Amino acid sequence: MKQESLQAIYNAYEIEEACIREMKGFINDETFARAVDLLSNAPRIGTAGCGHSGIICQHMAHLMCCIERPARFISPAEAVHGATGFLQAGDVMIFASRGGKTKELLPIVDICKAKGVSIITVTENLESPLAQAADVVLKQHVNRETDKWNAQGTTSTTSLCMIFHALQAAVIEETGYQAEQFALIHPGGAVGERLNKKAL
């Protein structure tokens, strides 16, 4: 391996470590509280994003299901072909877009507004269309991506993931969700074995 390649590995760790440290300075207690309240009380939760953001939105939907908040990722392509029928008045839709201008997401905003679905937007651009349309905006922060061109969705996915992990941790506290409940729906794998041994 070239020396430059090895250095790139260390640089990637340092860049993402710095990003997570810096992100704490952008936490707004009031907006996070509103987001947690919406997620804790919504009958259903949808998530949507494109590219790397979409992949992390799939992860967020699964995180919510793991604490028995019914959720699904709604593909932007499928959203405008009937998939938004999943959402009903009182539900919550999470949009993730670093720039807040992802064109594929904007038609879904109109559908959510018409159906009485609350919107949480995670974005770096607080003046963007997706931010302006939201009921709650959570500030994303990215220092730089890890590749040398500052172009690949690397640190930005870590940043988004961190916000979603923080939300799930808070919703667990807010709803009083218990390990015994998770043991029932997660009997598989090493985690299921550990939790169900404890439950016995």
Side-chain angles (χ1 to χ4, degrees), residues 16 18-74 76 84 87-102 104-106 108-144 153 155-177:
E16 297 209 11
C19 181
I20 291 177
R21 279 201 314 268
E22 292 164 11
M23 283 177 66
K24 287 164 54 174
F26 292 93
I27 294 173
N28 181 300
D29 292 358
E30 183 181 339
T31 55
F32 263 92
R34 288 170 61 203
V36 169
D37 182 63
L38 286 172
L39 294 172
S40 298
N41 293 290
R44 285 164 298 273
I45 298 162
T47 68
C50 291
H52 287 97
S53 294
I55 292 167
I56 305 304
C57 282
Q58 292 178 54
H59 174 55
M60 178 57 168
H62 183 68
L63 283 176
M64 291 292 99
C65 286
C66 285
I67 55 172
E68 298 185 56
R69 311 304 309 158
R72 65 167 284 188
F73 172 72
I74 300 177
T84 43
L87 298 167
Q88 303 297 320
D91 291 345
V92 173
M93 186 70 187
I94 302 172
F95 292 107
S97 169
R98 183 178 173 187
K101 299 177 182 179
T102 306
E104 295 89 341
L105 302 180
L106 298 178
I108 312 173
V109 170
D110 295 335
I111 295 169
C112 289
K113 293 287 188 184
K115 296 189 77 169
V117 174
S118 297
I119 295 172
I120 298 171
T121 293
V122 183
T123 183
E124 209 172 18
N125 184 357
L126 303 184
E127 304 302 319
S128 64
L130 283 170
Q132 295 298 310
D135 297 285
V136 179
V137 183
L138 299 177
K139 167 74 173 171
Q140 185 178 10
H141 166 71
V142 183
N143 50 355
R144 61 158 291 133
T155 310
S156 52
T157 62
T158 300
S159 168
L160 180 58
C161 219
M162 186 67 250
I163 291 169
F164 287 161
H165 290 176
L167 286 171
Q168 195 220 31
V171 171
I172 287 171
E173 296 297 332
E174 198 70 12
T175 61
Y177 193 74

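Quantities reported herein were computed from a predicted structural model and do not represent experimental measurements.
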Practice problem: For the pair T47 and H59, evaluate side-chain contact (heavy atoms from CB on, under 4.5 Å) and give the outcome as yes or no after the intermediate values. | Solution: CA-CA 9 Å; T47 68; H59 174 55; over 6 Å; no
Exercise. In sequence, state the C-alpha distance, the side-chain angles, and the governing distance for I94 and L39, and then conclude on side-chain contact (heavy atoms from CB on, under 4.5 Å).
Key: CA-CA 10 Å; I94 302 172; L39 294 172; 3.9 Å; yes
Exercise. Start with the C-alpha gap between E16 and T158, add the side-chain angles, then the distance that decides, and say whether side chain to side chain donor-acceptor pair (under 3.5 Å) holds.
Key: CA-CA 7 Å; E16 297 209 11; T158 300; 2.4 Å; yes
Quiz item: Step by step, would you call T31 with V137 a side-chain contact (heavy atoms from CB on, under 4.5 Å)?
Solution: CA-CA 7 Å; T31 55; V137 183; over 6 Å; no
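The minimum heavy-atom distance between L167 and A35, with the atom names listed, is CD2-CB, 4.0 Å. The minimum heavy-atom distance linking G46 with L87 is given by the pair N-CD2, 4.1 Å. For the residue pair G49 and P76, the shortest heavy atom distance occurs at O-CG, 3.6 Å. Closest heavy-atom contact between C50 and T102: SG-CG2, 3.7 Å. Of all heavy-atom pairs spanning S159 and C19, the tightest one is CB-SG, 4.2 Å. Summarising the geometry of A96 relative to L160, their closest heavy-atom pair is CB-CD2, 3.7 Å, with the distance given to 0.1 Å.
The NE2 atom of H141 lies 13.5 Å from the CE atom of M162; values are rounded to the nearest 0.5 Å. With rounding to the nearest 0.5 angstrom, the CZ atom of R72 is 13.5 Å from the CD1 atom of I45. Here CZ of R98 is found 10.5 Å from OG1 of T157. Values are rounded to the nearest 0.5 Å. Interatomic distance, C161 SG to H52 NE2, rounded to the nearest 0.5 Å: 12.0 Å. Here NZ of K101 is found 11.0 Å from CG of L130. Values are rounded to the nearest 0.5 Å. With values rounded to the nearest 0.5 angstrom, M60 atom CE is found 5.5 Å from F164 atom CZ.
No side-chain donor-acceptor contact under 3.5 Å links T155 to the backbone of V142. A donor-acceptor pair is defined here as one N or O able to donate and one able to accept, closer than 3.5 Å; such a pair exists between the side chain of T123 and the backbone of S97. Remark: side-chain polar atoms of Q58 are not paired, donor with acceptor, to backbone N or O of I74 under 3.5 angstrom. Here the side chain of N41 pairs no donor or acceptor atom with the backbone of L38 at under 3.5 angstrom. Side-chain atoms of R69 do not come within 3.5 Å of backbone N or O of R44 as any donor-acceptor pair.
Counting non-hydrogen atoms of neighbouring residues, nucleotides and ligands closer than 6.0 angstrom, the NE2 atom of H165 exceeds 12 such neighbours. Atom NZ of K113 sits in a crowded spot, with more than 12 heavy atoms from other residues, nucleotides or ligands closer than 6.0 Å.
Between E104 and L106, the closest side-chain pair of non-hydrogen atoms is not below 4.5 Å. Between I67 and T175 the shortest side-chain heavy-atom distance does not fall below 4.5 Å. Contact annotation: the side chain of Q140 approaches that of S156 to within less than 4.5 Å [non-hydrogen atoms, C-beta and beyond]. Contact annotation: the side chain of V122 never approaches that of F95 to less than 4.5 Å [non-hydrogen atoms, C-beta and beyond]. V109 places a side-chain heavy atom less than 4.5 Å from the side chain of I119. You'll find the side chain of M93 stays beyond 4.5 Å of the side chain of I120, heavy atoms only.
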